[in-house]
Amino acid sequence: MKFGTKAIHAGVEPDPTTGAIMTPIYQTSTYVQESPGKHKGYEYSRTHNPTRTALQNALAALENGKHGICYASGLAATDAVLKLFRPGDEIIATNDIYGGTYRIMKRIFEPLGLVFHFVDMSDVDNIKKVCTANTKLVWIETPTNPLLRIIDIKAITDLCRKKGIYSAVDNTFASPYLQNPLDMGTDIVMHSVTKYLGGHSDTVMGALIVNDDALAKQLAFIQNATGAVPGPQDCFLVLRGIKTLHIRMQRHCENAMLVAQWLSCHPKVANVYYPGLSSHPGHTLAKQQMRGFGGMLSFELKGDIYGEAVAVMENLKVFSLGESLGGVESLCTHPASMTHASIPKEEREKVGLKDTLIRLSVGIEDVEDLIADLAQAIG
Ligand SMILES: *Cc1c(COP(=O)(O)O)cnc(C)c1O
């Protein structure tokens, strides 16, 4: 089945009791058993819930994976992955990473004994340099947030396979429509479902998709034992959201490309970070490993004056100033004070994240209105 058909049909079947075409919201904590241990596959909703099962199967299908597991948030999904490891185990992660991922690694798991190395993954040799006998996982995020760098998933996954190390990709920015890491050999795909998969800025959720049965079993154990599950209402909203994922992503990509091209010709704009621009250092790699360039971009104004960047963000009207991304409506974010405030300023500057950087999540409105809004805000 091709992607759009899967987005609409995968994982969902007419409800067996009524024939309802849409998976019902099974708002129940428990399930009646005929006799002790004799039941229809459902015992308690922390362990399984039919609305969640439908969504997990749909997400697995979209990532060409065997097993999908949903969590209460993207970070709860990351938390579950990190709980696979023990004190002394070492993890290598992308240095230009989502702020919350950095925070959970440094502030929660490092004090518990895991050892982290944050490296520039644009060069695979940087990973080899910090690999030891204790390295257990390489955590990739691509395109990176907020600088939209592109990391070679296949090259890193091949290295991990050779060394017997797990590889994981945070695929939030690309969404399964643009990139499928499992097809490149990655062990674990992670999503903040909150973003493009949900697509309507109305739900917080996370997911992991894996192929390996034993790994899926371990993760399901962690999910049930620690309990970070999403509710059935939220699962329903995401099931609805993903039915239009392919159509939304097409428009996100088209609009972002036009906005990026417009910004890069603007006399007041210094740098535009968008992998779809041929001037972007990751453009060739993005063309190889992605089916489009996505809806996210960042830019800086000439002169690098903090007050001027703030004024643009305040002046935007169609773009709303807020955290998050991937919804149908356009958003504008100031990474240094918002999404990446949990990364120390020195660390931010090391990876090239300036306090004057503006990040846009380009929505699916009419692009003429988005460009007109930027024109009036930049002046
Ligand atoms: C938002 C986000 C997360 C965290 O997901 P939540 O659903 O907010 O917990 C992780 N990675 C990336 C790239 C994100 O954008």
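Order of appearance sets the numbers: ligands from 1, and atoms from 1 within every ligand. Residue numbers count from 1 along this sequence.
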State, without any angle test, whether Thr144 and Tyr98 hold a side-chain donor-acceptor pair at a distance under 3.5 Å.
-> no
Does the N or O separation between Val204 and ligand 1 drop below 3.5 Å for any pair?
-> no
State whether a side-chain donor-acceptor pair under 3.5 Å links Asn64 with Lys6.
-> yes
Ligand-side contact atoms (ligand 1) for residue partner Ser73, heavy atom cut-off under 4.0 Å | 7 (O), 9 (O)
Side-chain donor-acceptor pair under 3.5 Å between Arg291 and Asn180, yes or no?
-> yes
Return the residue, atom name and 0.1 Å-rounded distance of the protein heavy atom closest to atom 4 (C) of ligand 1.
-> Tyr98 CE2, 3.4 Å
Does any donor atom in the side chain of Asp15 or Tyr26 lie under 3.5 Å from an acceptor atom in the other side chain?
-> yes
If you measure every N/O of Lys195 against every N/O of ligand 1, is any gap under 3.5 Å?
-> yes
Please check if atom NE2 in His48 has more than 12 non-hydrogen atoms from other residues, nucleotides or ligands closer than 6.0 Å.
-> no
Looking only at protein heavy atoms, what sits closest to atom 12 (C) of ligand 1 is Asp170 OD2, 3.4 Å
Residue and atom name of the nearest protein heavy atom (relative to atom 5 (O) of ligand 1), distance in Å to one decimal = Ser192 OG, 3.0 Å
Closer than 4.0 angstrom: is that true for some heavy atom of Leu325 and an atom of ligand 1?
-> yes
If we only count N/O pairs under 3.5 Å, is Leu75 in contact with ligand 1?
-> yes
Salt bridge (charged side-chain N to carboxylate O under 4.0 Å, His left out) with Arg359: which residues, sequence neighbours excluded?
-> none
Glu141 side chain to Thr101 side chain, donor-acceptor N/O pair below 3.5 angstrom | no
Which of the ligand 1 atoms, numbered from 1, are nearer than 4.0 Å to a heavy atom of Met205 | 7 (O)
